[in-house]
Undergrad: 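Got a structure for you, written out below as structure tokens; questions coming shortly.
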Number of protein chains: 2
Amino acid sequence: MDYSLFLSHITRHIDLNKEEGDYFTSLLHYKKLKKKQFLLEEGEVNTKSTFVTSGCLRSYVIDKNTVEHVLQFAPAGWWIVDMRSYVTGSPARLNIDALEESEIFYINKPDFEDLYLRIPKFERFSRILGQNSLAAYQYRQIDNVALSAMERYRQFCQLYPSLIKTLPQKQVASYIGVTPEFLSKMLNTTLI
Amino acid sequence: MDYSLFLSHITRHIDLNKEEGDYFTSLLHYKKLKKKQFLLEEGEVNTKSTFVTSGCLRSYVIDKNTVEHVLQFAPAGWWIVDMRSYVTGSPARLNIDALEESEIFYINKPDFEDLYLRIPKFERFSRILGQNSLAAYQYRQIDNVALSAMERYRQFCQLYPSLIKTLPQKQVASYIGVTPEFLSKMLNTTLI
DNA sequence: TGTTTTTCTTAATGTACCATAAGTATTTTT
DNA sequence: AAAAATACTTATGGTACATTAAGAAAAACA
């Protein structure tokens with residue numbers, strides 16, 4: 001099993017010796033997801049932290065008009081979770097599924113909690129990760145309230161240049177908060 | 001100086017002995033803010049973590065049409081920060097000011113970093129805090145994309161029953177993402 | 001206590017984006 | 001390679017919200 005991407009992601013923030021690395025990887029579960037396969041469905045409890053090593057997942061809600069709204073894309077190297085459900089054990093509001101064939105590692109919450117006690121450095125790791133995510137969520141929120149649809153599209157292209165090439169336009173539209181029809185029109189009308 | 005609210009907030013998540021508590025409080029700076037006084041202005045670097053002990057602060061952006069959009073309210077017991085600026089040292093996009101006369105404690109970032117090394121339990125504290133904030137931001141984002149203006153208003157009332165009584169309607173409008181005129185109309189037209 | 005500032009309301013007009021529909025192109029599946 | 005599913009485009013009409021303006025009420029200030 002190839003843990004290299006995951007381990008290098010961890011050691012960007014904390015040092016691990018051989019023994020610590022082995023203990024960490026012993027907690028990991030590997031899973032392959034087919035396109036459209038669910039990792040989490042609304043109403044279930046999100047009991048694990050998931051790290052993507054290949055492919056691309058997404059989290060999204062479905063509103064009462066059955067319209068999907070994408071909250072996050074998770075290509076290789078990203079984590080994905082319904083944090084409220086994970087922390088409190090409440091039913092998830094988010095769905096998480098694979099946009100293409102993907103590979104993930106996940107850690108069950110009780111194992112992660114043990115890990116914090118056994119190797120407290122992981123508290124630091126998660127603290128740093130949490131702060132970075134929070135920064136991203138704050139700025140996404142700012143963009144959503146302060147920018148027009150076209151500006152949000154440009155922001156997306158700038159922030160995720162690799163995703164814009166691989167994702168269907170429909171998914172991008174859902175992320176920036178417009179209908180696919182409107183995005184199509186916008187891209188084919190706007191001259192500058 | 002009364003540290004009790006702040007310390008009880010900390011000890012909800014980690015235990016501190018006398019010495020640890022003393023060291024922690026030795027890092028705190030107390031400040032009183034007048035109504036409308038700024039704690040952070042767009043373009044400055046957010047170099048401290050701020051905890052509110054009385055009154056109420058808010059963070060907000062100003063868009064290119066000079067409209068204010070409130071990102072967060074911070075009444076007593078809440079933290080407030082421009083996380084991207086704090087983590088990376090980049091210029092803040094957020095403004096933070098006081099909606100009424102308020103009291104805060106703040107910790108400078110270098111002191112907080114030292115605290116993590118000297119009392120690693122604080123890594124755990126911040127990790128938990130970060131996860132809770134992330135949960136809140138995820139769910140706020142969901143509400144923003146999946147709910148109508150009226151539903152967002154109701155959600156706000158449910159989530160912050162105390163704030164709804166004290167805040168000017170104008171500030172609530174800015175938080176839920178509508179103009180004050182529209183909120184007024186909505187509240188005086190909607191029968192149910 | 002009067003004056004200024006801020007907040008709230010009402011109403012007319014305007015617009016960014018949505019809903020629906022229907023056709024074409026592309027990808028996936030068999 | 002055919003069939004089916006999905007993705008993208010174009011067009012028409014509709015709506016949830018914004019903008020502007022202006023007056024009334026309430027709060028802050030001097």
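Everything numeric in this text was worked out from a predicted model, so none of it was measured. Side chains included, hydrogens not; waters and symmetry mates left out as well; all remaining heavy atoms used.
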Undergrad: Just how far, in rounded Å, is P of D:dG13 from NZ of A:K185?
TA: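 Roughly 13 Å, once rounded to whole Å.
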Undergrad: In terms of side-chain heavy atoms of B:K36, which of D:dT9, C:dT6, C:dT9 is nearest?
TA: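 My answer, after comparing the listed nucleotides, is C:dT6.
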Undergrad: Just say parallel, tilted or perpendicular for the rings of B:Y175 and B:Y160, cut-offs at 30° and 60°.
TA: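 Judged by the thresholds at 30° and 60°, the geometry between B:Y175 and B:Y160 is perpendicular.
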Undergrad: Got A:Y116 and A:S126 here, is their nearest side-chain heavy-atom distance under 4.5 Å?
TA: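 Side chain of A:Y116 against side chain of A:S126, heavy atoms only: contact under 4.5 Å found.
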Undergrad: Evaluate B:F24 against B:F122 for ring-ring contact (aromatic ring centres under 6.0 Å, His included), listing each step before the verdict.
TA: CA-CA 10 Å; B:F24 175 69; B:F122 275 92; 5.1 Å; yes
Undergrad: Can you tell me the distance, in whole Å, between the CG atom of B:L183 and the P atom of C:dT10?
TA: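 Going from CG in B:L183 over to P in C:dT10 covers 12 Å.
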Undergrad: Pick from B:F105, B:Y106, B:F112: which one makes a ring-ring contact (aromatic ring centres under 6.0 Å, His included) with B:H29?
TA: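 Result for ring-ring contact (aromatic ring centres under 6.0 Å, His included) with B:H29: B:Y106.
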Undergrad: Of the nucleotides C:dC8, D:dA18, D:dT9, which one has an atom closest to the side chain of B:P168?
TA: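 Output: C:dC8.
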Undergrad: Among D:dC8, C:dT10, C:dC17, which nucleotide sits nearest the side chain of A:K170?
TA: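 My answer, after comparing the listed nucleotides, is D:dC8.
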Undergrad: For A:F182 and D:dT12, what is the distance between atoms CZ and P respectively, to the nearest whole Å?
TA: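 Distance, rounded to whole Å: 17 Å.
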Undergrad: For A:D2, give me all partners under side-chain hydrogen bond (donor to acceptor under 3.5 Å, both in side chains), at least two apart in sequence or on another chain.
TA: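 A:D2: side-chain hydrogen bond (donor to acceptor under 3.5 Å, both in side chains) contacts with A:S4.
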Undergrad: Just checking A:K170: does its NZ atom have more than 12 heavy atoms from other residues, nucleotides or ligands closer to it than 6.0 angstrom?
TA: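 Check fails, neighbour count at 12 or below.
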Undergrad: Output the rounded distance in Å from CE (B:M150) to C1' (D:dT15).
TA: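 Between C1' of D:dT15 and CE of B:M150: 18 Å.
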Undergrad: Could you please spell out the steps behind the ring-ring contact (aromatic ring centres under 6.0 Å, His included) verdict for B:F6 and B:F51?
TA: CA-CA 8 Å; B:F6 203 170; B:F51 181 85; 4.0 Å; yes
Undergrad: In residues 172-180 of chain B, what residues come within less than 4.0 Å of DNA chain D, judged by heavy atoms?
TA: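 Within this stretch, B:G177, B:V178, B:T179 sit under 4.0 Å of the strand.
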Undergrad: Once you round it to whole Å, what is the distance between P of D:dT6 and CD of A:E68?
TA: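 Distance check: A:E68 CD to D:dT6 P gives 11 Å.
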Undergrad: Would you kindly give the CD-to-P distance between A:Q171 and D:dT6, to the nearest whole Å?
TA: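 After rounding, the reported distance stands at 12 Å.
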Undergrad: Any side-chain N or O of B:Q169 under 4.0 Å from OP1/OP2 of C:dT9?
TA: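 B:Q169 to C:dT9 OP1/OP2: side-chain N or O found under 4.0 Å.
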Undergrad: Generate the contact string for nucleotides 21-30 of chain C. Rules: B means base contact, S means sugar-phosphate contact only, - means no protein heavy atom under 4.0 Å.
TA: B------S--
Undergrad: Is B:R152 near enough to D:dC17 that one of its side-chain N or O atoms lies under 4.0 angstrom from OP1 or OP2?
TA: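 Yes, because at least one side-chain N or O of B:R152 sits under 4.0 Å from OP1 or OP2 of D:dC17.
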Undergrad: Side-chain contact test, heavy atoms from C-beta onward, threshold under 4.5 Å: evaluate it for B:E151 versus A:K64 and give yes or no.
TA: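 B:E151 reaches A:K64 side chain to side chain.
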Undergrad: Check the distance between D:dA24's P and B:N188's CG and give it to me in whole angstrom.
TA: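 So the two atoms are 17 Å apart, to the nearest Å.
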Undergrad: Using only atom types and a distance under 3.5 Å, with no angle test, would you say the side chain of A:E123 pairs donor to acceptor with the backbone of A:P120?
TA: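 Looks like no, no N/O pair under 3.5 Å.
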Undergrad: Could you tell me the separation between the CG atom of B:L187 and the P atom of C:dT7, rounded to a whole number of Å?
TA: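 That distance rounds to 16 Å.
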